[in-house]
J.: 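Handing you a structure now.
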Amino acid sequence: QVQFVESGGGLVQPGGSLRLSCAASTAISRRYTMAWHRQAPGKERDFVAATSWSSGRTYYADSVKGRFTISRNNAKNTVYLQMVSLKPEDTAVYYCAADPSGNTYASASYYRRSTYNSWGQGTQVTVSS
């Protein structure tokens, strides 16, 4: 089974930037839908962003639109989350997630945690002065 490992988290000041990476343990098809979710202390895990080869689209939570960008390098089997203008409320553990089916869904499904069946262990992002 493919495993995913996140990296790039850390402590950053408000207004700062970070780039998270999610590397697959083996080569994966570009048909995988890849996503990022996050979980703040005491809260549920929430959708952040997704990229789908089958739909040709990217999807973002309203709270990160215009600040976060999801991208992928298929040759490196890696997905990235570029985060700029970070806010204290972005503090969370960030998880990489994958849907290997290659299916195309109605837009709402890309935001659902249940769409993804493979998860990384997470990387901590702390935004604080």
Side-chain angles (χ1 to χ4, degrees):
Q1 186 175 353
V2 180
Q3 295 182 332
F4 297 93
V5 179
E6 302 94 334
S7 62
L11 173 64
V12 62
Q13 292 187 342
S17 301
L18 280 175
R19 188 177 79 156
L20 305 183
S21 299
C22 169
S25 58
T26 63
I28 58 173
S29 168
R30 66 182 62 192
R31 296 174 63 86
Y32 276 50
T33 294
M34 299 298 299
W36 289 93
H37 291 66
R38 66 185 181 185
Q39 188 167 17
K43 296 188 177 181
E44 296 203 352
R45 192 173 299 186
D46 291 331
F47 172 83
V48 175
T51 178
S52 169
W53 174 83
S54 59
S55 73
R57 295 179 59 186
T58 55
Y59 305 84
Y60 294 95
D62 288 343
S63 59
V64 307
K65 278 182 183 175
R67 300 189 299 122
F68 290 12
T69 303
I70 188 170
S71 62
R72 65 195 296 170
N73 184 324
N74 292 320
K76 294 185 176 181
N77 299 302
T78 302
V79 177
Y80 304 97
L81 185 68
Q82 179 68 52
M83 306 185 294
V84 301
S85 302
L86 282 161
K87 305 175 181 179
E89 50 264 43
D90 295 318
T91 294
V93 177
Y94 284 70
Y95 296 91
C96 175
D99 165 29
S101 71
N103 291 337
T104 300
Y105 305 105
S107 293
S109 293
Y110 292 98
Y111 297 79
R112 295 195 185 108
R113 194 169 59 186
S114 59
T115 297
Y116 307 94
N117 60 13
S118 294
W119 295 82
Q121 294 302 304
T123 185
Q124 175 70 47
V125 172
T126 302
V127 185
S128 175
S129 55

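In this chain, numbering begins with 1 at the start of the sequence shown.
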J.: Please check if Val48 and Tyr80 belong to a single hydrophobic cluster, counting links between Ile, Leu, Val, Met, Phe, Trp and Tyr side chain heavy atoms closer than 4.5 Å.
T.: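 Looking at the clustering, Tyr80 is in a separate group from Val48.
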J.: Enter the distance from Gln121:CD to Cys96:SG here, rounded to the nearest 0.5 Å.
T.: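 Those atoms lie 11.5 Å apart.
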J.: Could you go through the side chain to side chain contact (heavy atoms under 4.5 Å, CB included) check for Met83 and Val12 one step at a time?
T.: CA-CA 11 Å; Met83 306 185 294; Val12 62; over 6 Å; no
J.: Quick one: does NZ or CZ of Arg72 land under 6.0 Å from the six-membered ring centre of Trp53, within 45 degrees of the ring axis?
T.: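 No cation-pi geometry.
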J.: Report yes or no: does Thr115 contribute a side-chain atom to a donor-acceptor pair with the main-chain N or O of Ser109 at less than 3.5 Å?
T.: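 Present.
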J.: Sub-3.5 Å donor-acceptor pair from the side chain of Tyr60 to the main-chain atoms of Ile70, do we have one?
T.: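 Checking the backbone N and O of Ile70 against the side chain of Tyr60, a donor-acceptor pair under 3.5 Å is found.
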J.: Answer whether the closest heavy-atom distance between the side chains of Ser54 and Asn103 falls below 4.5 Å.
T.: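 No, side chains not in contact.
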J.: Is the Trp119 ring parallel, tilted or perpendicular to the Tyr95 ring (thresholds 30°, 60°)?
T.: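 Geometry flag for Tyr95 against Trp119: perpendicular rings.
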J.: Can you tell if the side chain of Ser29 reaches within under 4.5 Å of the side chain of Pro100, non-hydrogen atoms only?
T.: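 Heavy-atom side-chain distance check fails, nothing below 4.5 Å.
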J.: Return the set of residues passing ring pair (Phe, Tyr, Trp, His ring centres under 6.0 Å) with Tyr110 (not counting sequence neighbours), or none when no residue passes.
T.: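 Partners of Tyr110 by the ring pair (Phe, Tyr, Trp, His ring centres under 6.0 Å) criterion, ordered by chain and then number, come out as Tyr59, Tyr105.
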J.: Could you tell me whether Asp90 and Lys87 have a side-chain N and a carboxylate O separated by less than 4.0 Å?
T.: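 So Asp90 does not pair with Lys87 through a salt bridge.
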J.: Is any side-chain heavy atom of Ser71 less than 4.5 Å from a side-chain heavy atom of Gln82?
T.: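 A side-chain contact is absent here, since even the closest heavy-atom pair is not under 4.5 Å.
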J.: Could you report the tightest heavy-atom contact between Pro14 and Ser128, atom names first, then the distance?
T.: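 Looking at all heavy atoms of both residues, the closest pair is CD-C, 3.6 Å.
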J.: How long is the straight-line distance from OG1 of Thr58 back to CZ of Phe68, given to the nearest 0.5 Å?
T.: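 If I round to the nearest 0.5 Å, the distance is 14.5 Å.
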J.: Taking the side chain as everything from C-beta on, heavy atoms only, tell me whether Val2 gets closer than 4.5 Å to Tyr32.
T.: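 They are in side-chain contact.
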J.: Test your reading of the model: is there a side-chain donor-acceptor pair from Glu6 to the backbone of Cys22, 3.5 Å cut-off?
T.: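 Answer holds: no.
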J.: If we ignore hydrogens and angles and just use 3.5 Å, is the side chain of Asn77 paired with the main-chain N or O of Ile28 as donor and acceptor?
T.: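 Here the side-chain-to-backbone pair exists.
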J.: Evaluate the side-chain proximity of Val64 to Arg38: yes if any heavy-atom separation is below 4.5 Å, no if none is.
T.: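 Heavy-atom side-chain distance check passes, below 4.5 Å.
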J.: Got a second to check how far Thr78's OG1 is from Leu20's CG, nearest 0.5 Å?
T.: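 Answer rounded to 0.5 Å: 12.5 Å.
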J.: Measuring only between side-chain heavy atoms, which start at C-beta, is Thr51 closer than 4.5 Å to Trp36?
T.: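 No; the side chains remain at least 4.5 Å from each other.
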J.: Please evaluate residues Tyr116 and Thr33 with respect to the criterion side chain to side chain contact (heavy atoms under 4.5 Å, CB included), reporting the C-alpha separation (whole Å), side-chain torsions for both, the decisive distance (0.1 Å), and the verdict.
T.: CA-CA 8 Å; Tyr116 307 94; Thr33 294; 3.9 Å; yes
J.: Taking the side chain as C-beta and beyond, is there a heavy-atom pair between Glu89 and Ser63 under 4.5 Å?
T.: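 Side-chain contact under 4.5 Å: no.
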J.: Does Val93 share a hydrophobic cluster with Leu81, counting links as ILVMFWY side-chain heavy atoms below 4.5 Å and allowing steps through other members?
T.: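 Hydrophobic grouping puts Val93 apart from Leu81.
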J.: Would you say CD of Gln124 has more than 12 non-hydrogen atoms from neighbouring residues, nucleotides or ligands within 6.0 angstrom?
T.: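 Buried by this count: over 12 neighbours within 6.0 Å.
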J.: Can you list the residues that meet the side chain to side chain donor-acceptor pair (under 3.5 Å) rule with Arg113, with sequence neighbours excluded?
T.: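 Scan of Arg113 (side chain to side chain donor-acceptor pair (under 3.5 Å), adjacent residues dropped) gives none.
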J.: Kindly work out whether a path of hydrophobic side-chain contacts (I/L/V/M/F/W/Y, heavy atoms less than 4.5 Å apart) joins Phe47 to Phe4.
T.: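 No; Phe4 is not reachable from Phe47 via cluster members.
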J.: Take a 6.0 Å sphere around CD of Gln39 and say whether it holds more than 12 heavy atoms from other residues, nucleotides or ligands.
T.: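 It does: Gln39 CD has more than 12 such atoms within range.
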J.: Distance from Asn74 atom CG to Arg31 atom CZ, nearest 0.5 Å?
T.: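 Answer for the CG-CZ pair, Asn74 versus Arg31, is 12.5 Å.
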J.: Is a side-chain donor or acceptor of Ser129 paired with a backbone partner of Gln13 at a separation under 3.5 angstrom?
T.: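 Answer holds: no.
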J.: At what distance, to the nearest 0.5 angstrom, does OG of Ser52 lie from CG of Asp99?
T.: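 The distance works out to 8.5 Å.
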